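Every value quoted in this text rests on a predicted model; they were computed, and no experiment measured them. Counting convention: from 1, in listed order, for ligands and their atoms alike.
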Amino acid sequence: MASKGEESATRPEYAAVPSKSTRPKDFISTLPTREGWSTPLIQYSKYWHRPHILEEILQVQDTFTPRGDDMILVTQPKCGTTWLKALAFAIINRGIQSFSDHPLLTLHPQRLVPFIEIPPPNAGHAYLDTLPSPRLLATHLPLSMLPHGMSSVGCRIVYLCRDPKDALVSRWHFENKILGKGFNMELEKAFAMFCEGVSECGPFWDHCLEYWKESLARPDKVIFLKYEEIKSDPVRAVTKLARFLGAPFSEEEESSGVPQEVVRLCSFETLTSLPVNQVGGFDRYVQGLGHMHLPSSAFFRKGVTGDWSNHLSQEMGETLDLIVQQKLEGSGLTF
Ligand code: PAP
């Protein structure tokens, strides 16, 4: 019988996205499209994407070269990406940077850890090749759409998910904030679409399930975390994450409170108190919306669990819970 290690070595590659040489011309225009919140959504291999992001995803398939020591932070939008970027960055850089002179004090976590599928403005995807190893990268991609080669070279993947009700409400506020009067999506309609599985990178439950199953099959390469679990015991979560990333805290570090320092530096309270996270922002071109300015502060709202109940009715909460429960049935994953 094959051991766990042997099994993972023979698993098929993740990639389901066709490469440039195999995909038809105008590939995107052949895919199902439907109305999204602010731009249309296009469905590829059951997942919904904004058109410009899908174009980037296709390019990444052609250009991204994974490295064995890459660490990939994966989330669906609004599941705690900014927080996870800060925590992972602080963990792996703790040996070379003191907490009083830390890059997180002067750089937004979103800048410190680039997204694979969203290159920095004017940089292009080749930018990722210029980063020194080990690279800390982020993505919202489903497991089955990760760039080719990530599984076989053995990248470490950290998956963070969140109660879908909170992720939905957080996303709705975010779009409201960045689009202002240009955002006309009623929360009830956004909720109905979400329940149908139509959300950016959704269906929400399928995205979670793919990584959940992979974390059970390859626990040394994929770790599955929940926003709520980090909230309730951040030191425990940070310790677990450090161990997974191959940078465990030493006894000396534990007794001198280093895990607590990481938690404090990356806390909602610390990050929101820093000017770098309150002023300025990110400029992006979004097809269908034009040039957008994403204020740095838009990535920080309340930073709590259960805020959905201030925006969705109890009945809506129960409806979504039931859908998610049915979709996850038998997997062992619960929210
Ligand atoms: P992204 O996926 O678009 O990059 P992401 O960082 O996941 O965004 O979403 C922001 C959410 O994380 C916000 O949640 P809320 O709307 O429910 O408040 C934001 O407040 C929360 N967040 C950001 N930083 C932290 C942090 N340090 N601790 C806890 N929550 C945080």
Just jot down the ligand 1 atoms closer than 4.0 angstrom to any heavy atom of His140, in number order.
-> 2 (O)
Verify the neighbour count for atom CD of Glu315: are there more than 12 heavy atoms of other residues, nucleotides or ligands below 6.0 Å?
-> no
Heavy-atom nearest option to atom 6 (O) of ligand 1, drawn from Ile230, Thr82, Thr75 | Thr82
Does the distance from a Lys or Arg side-chain N to an Asp or Glu carboxylate O, for Lys165 and Asp163, drop under 4.0 Å?
-> yes
Smallest separation among heavy atoms of Gly317 and Trp308, with atom names | CA-CZ3, 3.7 Å
What is the nearest protein non-hydrogen atom to atom 15 (P) of ligand 1, stated with its residue, atom name and distance?
-> Ser170 OG, 3.4 Å
Any nitrogen or oxygen of Tyr227, main chain or side chain, under 3.5 Å from a nitrogen or oxygen of ligand 1?
-> yes
Are any of the side-chain nitrogens in Glu269 or Arg264 under 4.0 Å away from the carboxylate oxygens of its partner?
-> no
To the nearest 0.1 Å, how far is atom 28 (N) of ligand 1 from its closest protein heavy atom, and which atom is that?
-> Trp83 CD2, 3.2 Å
Atom 20 (O) of ligand 1: nearest protein contact (heavy atom, Å) = Arg301 N, 2.9 Å
The closest protein heavy-atom partner of atom 27 (N) of ligand 1 is Cys266 O, 2.9 Å
What's the shortest distance from atom 5 (P) of ligand 1 to any protein heavy atom, and which residue and atom give it?
-> Thr81 N, 3.5 Å
Could you check which of Phe300, Phe268, Phe299 puts a non-hydrogen atom nearest to atom 31 (C) of ligand 1?
-> Phe268
Report the relative orientation of the aromatic rings in Trp37 and Phe183; use parallel for angles under 30°, tilted for 30 to 60°, perpendicular for over 60°.
-> tilted
Based purely on interatomic distance, does Phe115 place a nitrogen or oxygen under 3.5 Å from a nitrogen or oxygen of ligand 1?
-> no
Name the orientation class of the two ring planes belonging to Phe282 and Phe299 (parallel below 30°, tilted from 30 to 60°, perpendicular beyond 60°).
-> perpendicular
Backbone N/O of Val279 and side chain of Ser296: donor-acceptor pair under 3.5 Å = yes
Atom NZ of Lys231: over 12 foreign heavy atoms under 6.0 Å | yes
Check: Phe174 N/O within less than 3.5 Å of ligand 1 N/O = no
Check whether any N or O atom of Leu271, backbone or side chain, sits under 3.5 Å from an N or O atom of ligand 1, and answer yes or no.
-> no
What are the two closest heavy atoms between His108 and Val276, and how far apart are they?
-> N-CG2, 3.7 Å
Can you check whether Cys79 has an N/O within less than 3.5 Å of an N/O in ligand 1?
-> yes
Of all the atoms in ligand 1, which lie at a distance below 4.0 Å from a heavy atom belonging to Lys302?
-> 18 (O), 20 (O)
Decide if atom NZ of Lys302 counts as having more than 12 heavy atoms of other residues, nucleotides or ligands within a radius under 6.0 Å.
-> yes
Of Lys78, Gln110, Arg162, Lys231, the residue with the heavy atom nearest atom 17 (O) of ligand 1 is Arg162
Enumerated ligand 1 atoms positioned under 4.0 Å from heavy atoms of Pro77 | 2 (O)
Using a heavy-atom cut-off of under 4.0 Å, does the side chain or the backbone of Ala86 touch ligand 1, or both, or neither?
-> neither
For the pair Glu210 (side chain) and Leu143 (backbone), establish whether a donor and an acceptor sit closer than 3.5 Å, ignoring hydrogens and angles.
-> yes
